[in-house]
Amino acid sequence: MSRAAVLCGLGSALPATAVTNEELAARLDTTDRWIRTRTGIGQRYVIAPGEATSDLAVTAAERALESARRGGGDGTDEVDLVIVATSTPDRPCPATAPGVAHRLGLGKVAAFDVAAVCTGFVYALAAAASMITAGAAHRALVVGADTFSTILDPTDRTTRAIFGDGAGAVVLRAGEADEPGALLGFDLGSDGGGADLITVRAGGSRQRASGLPPAEGDQWFAMEGRSVFTEAVINMSESAQRLLDRVGWKQGELDKVVAHQANVRILHAVGEQLGLEQQQIVVNLDRVGNTVAASIPLAMADAAGDGDLVPGQRVVLTGFGGGLTWGSTALIWPDVEPVRAPAHR
Ligand code: COA
């Protein structure tokens, strides 16, 4: 059998503060009814002043390592790679991952960030799995962490309703491709022609910091919701289908899809395209909103903790996000006990 990266630990972290739709509606021109019916979201979590993305990343990573230990895995000293998928790093430079590795006490391991917005976690899994199969790493921590509350326009009722902060992490170990938890293949893609659909215009080298305030609103995250909706449905469905073809699973053989949690209507449309029943699509955005790179591992931790993902099931993970980017991977769900954020409920 060939060498593969095997998922053996799963953890998640959320800030202490949940903001309900009613609380948003008290400040912005929106209603609980609009947000629930148009997105499926009931609340989202936001970090406190002074907190940063790495704080959530470290907690989720500690929990993923604890989950791996409970599953009989080796100690943390064996981790030799840390990848943090994020589009809200602690600072523009350096990357967030080395600091996370340092705070976890992992020693001088390889550590870098991946920026693929809501597809970041799948891209980071692909990078870690490729390094493990190539023999360049043996045990990897892959973290998806974002704090979009720090880049949202406080007056934008649409993005404020959708996005929330959070982190999720997995431990990948070197193993064999026929083991449960082995990542069985990847489909990754991008379309830079859609870069303006999901963007923060200022703050990079194109519209650089000049000491003056950026042009009106350019420092905030901006999104063209309707176009993004359509692109998300098309690209997650097509990517998941290409992945199924690559792995050799027929649509009817798939048990569960963990898709990026952007909008419940997007999730249902993707499920329909893949010939799935609604209960085969994991949904946790009602409790956490769209947590960007954290979305897929947070949804996996919730679903596994609730008994909605069970060992032996054929599972596809699929994401879509800014870039535009998309990506999918597949695994037989392993016997893994997630260590979840206590603030989840
Ligand atoms: N509360 C009340 N009304 C709102 C609102 C809110 N929070 N946000 C938008 N509206 C209004 C709009 O202003 C618009 O009003 P108008 O008709 O007077 O102009 C109306 O609702 C309909 O807007 P529209 O954009 O057509 O709604 P929609 O059904 O497409 O839903 C999104 C908007 C953003 C929820 C939806 O397009 C979406 O989920 N897109 C994908 C977003 C996403 O997932 N991004 C991340 C992907 S990685």
Side-chain angles (χ1 to χ4, degrees), residues 14 18-22 24-25 28-46 87 116-122 144 146 148-149 151-153 156-166 168 191 194 196-199 221-240 256-274 276-300 302-303 308 316-328:
L14 290 166
V19 178
T20 63
N21 291 347
E22 288 81 1
L24 267 191
L28 296 168
D29 182 17
T30 188
T31 59
D32 173 56
R33 186 179 158 76
W34 192 95
I35 299 170
R36 275 185 201 276
T37 53
R38 304 312 294 164
T39 71
I41 296 166
Q43 63 170 31
R44 72 291 296 143
Y45 290 84
V46 296
S87 298
V117 201
C118 299
T119 322
F121 183 73
V122 180
D146 267 303
F148 261 44
S149 69
I151 59 168
L152 299 180
D153 179 345
D156 182 351
R157 63 181 176 177
T158 308
T159 54
R160 281 273 158 193
I162 292 173
F163 291 93
D165 302 338
D191 175 8
D196 287 342
L197 297 181
I198 298 173
T199 189
F221 174 82
M223 174 184 77
E224 290 187 29
R226 281 203 180 177
S227 307
V228 169
F229 190 104
T230 312
E231 292 287 340
V233 173
I234 293 171
N235 287 300
M236 282 198 280
S237 312
E238 291 185 355
S239 173
K256 283 274 154 72
V257 168
V258 185
H260 170 56
Q261 305 285 306
N263 182 317
V264 76
R265 294 184 293 133
I266 293 176
L267 296 178
H268 289 161
V270 169
E272 210 168 289
Q273 294 293 316
L274 294 172
L276 299 172
E277 305 289 335
Q278 279 190 9
Q279 65 271 19
Q280 291 178 277
I281 307 282
V282 167
V283 177
N284 80 334
L285 54 68
D286 50 321
R287 303 188 291 272
V288 298
N290 178 347
T291 55
V292 193
S295 169
I296 290 175
L298 265 172
M300 288 197 298
D302 265 355
D308 197 18
V316 162
L317 316 180
T318 186
F320 169 84
L324 303 174
T325 52
W326 52 86
S328 305

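Just the heavy atoms: all of them, side chains too, but no hydrogens, waters or symmetry mates, feed the values below. Since this is a predicted model, take the numbers as computed values, not measurements.
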Q. Where do Arg226 and Thr230 land on the side chain to side chain contact (heavy atoms under 4.5 Å, CB included) test, with the steps shown first?
A. CA-CA 7 Å; Arg226 281 203 180 177; Thr230 312; 5.7 Å; no
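The environment of Glu272 atom CD is sparse: at most 12 non-hydrogen atoms of other residues, nucleotides or ligands sit within 6.0 angstrom. Around CD of Glu277, the count of heavy atoms belonging to other residues, nucleotides or ligands within 6.0 Å does not exceed 12.
A heavy-atom distance below 4.5 Å is found between the side chains of Lys256 and Asp308. When side chains are defined from C-beta on, Val228 counts as touching Phe320, because their heavy atoms get closer than 4.5 Å. Contact of the Asn284 side chain with the Leu298 side chain is registered, since non-hydrogen atoms from C-beta on lie closer than 4.5 Å. In this structure, Asp191 and Trp326 have side chains that are in contact, with non-hydrogen atoms separated by less than 4.5 Å. Considering only heavy atoms from C-beta on, Leu285 comes within 4.5 Å of Leu267 through its side chain.
Without hydrogens or angle criteria, Thr318 side chain to Ser328 main chain gives no donor-acceptor distance under 3.5 Å. Under the 3.5 Å distance criterion, the side-chain polar atoms of Glu231 are left unmatched by any main-chain donor or acceptor of Phe229. Using modelled atom types, no side-chain atom of Arg157 and backbone atom of Leu28 make a donor-acceptor pair closer than 3.5 Å. A donor-acceptor pair under 3.5 Å links the side-chain atoms of Asp165 to the main chain of Ser149, judged by distance alone. Counting only distance, with no hydrogens or angles, the side chain of Gln261 and the backbone of Val282 share a donor-acceptor pair below 3.5 Å. For the pair Ser87 (side chain) and Val117 (backbone), a donor-acceptor distance under 3.5 Å is present. Using modelled atom types, one side-chain atom of Arg44 and one backbone atom of Ala161 make a donor-acceptor pair closer than 3.5 Å. Looking at Asp146, its side chain does come within 3.5 Å of a backbone N or O of Ala293 through a donor-acceptor pair.
Using a 30° and 60° split on the angle between ring planes, Phe221 and Phe163 fall in the perpendicular class, above 60°.
Of all heavy-atom pairs spanning Gly321 and Cys118, the tightest one is CA-CB, 3.8 Å. Nearest heavy atoms, Met236 versus Ala259: SD-CB, 4.1 Å. Of all non-hydrogen atoms in Val258 and Ala299, the two that sit nearest each other are CG1-CB, 3.8 Å. Closest of all the heavy-atom pairs between Thr39 and Ile41 is OG1-N, 3.0 Å.
Distance CZ/Arg33 to CG/Asn21: 13.0 Å, rounded to 0.5 Å. To the nearest 0.5 Å, the span separating CG on Asp153 from CZ on Arg160 amounts to 7.5 Å. How far CD of Gln43 is from CD of Glu22: 10.0 Å, rounded to the nearest 0.5 Å. Taking NE2 of His260 as the reference point, atom CG of Asn235 lies at 12.5 Å (rounded to 0.5 Å). Here the CD1 atom belonging to Ile162 is positioned 7.5 Å from the CG atom belonging to Asn290, to the nearest 0.5 angstrom. Annotation: the span from Thr31 atom OG1 to Arg38 atom CZ amounts to 11.5 Å, rounded to 0.5 Å.
Taking the side chain to side chain contact (heavy atoms under 4.5 Å, CB included) definition, one finds that Glu224 meets it with Leu197, Ser227, sequence neighbours left out. Scored by the side chain to side chain contact (heavy atoms under 4.5 Å, CB included) test, Ala25 finds Thr30 as partners (sequence neighbours excluded). Residues passing the side-chain hydrogen bond (donor to acceptor under 3.5 Å, both in side chains) test with Thr325 are Thr119, sequence neighbours excluded.
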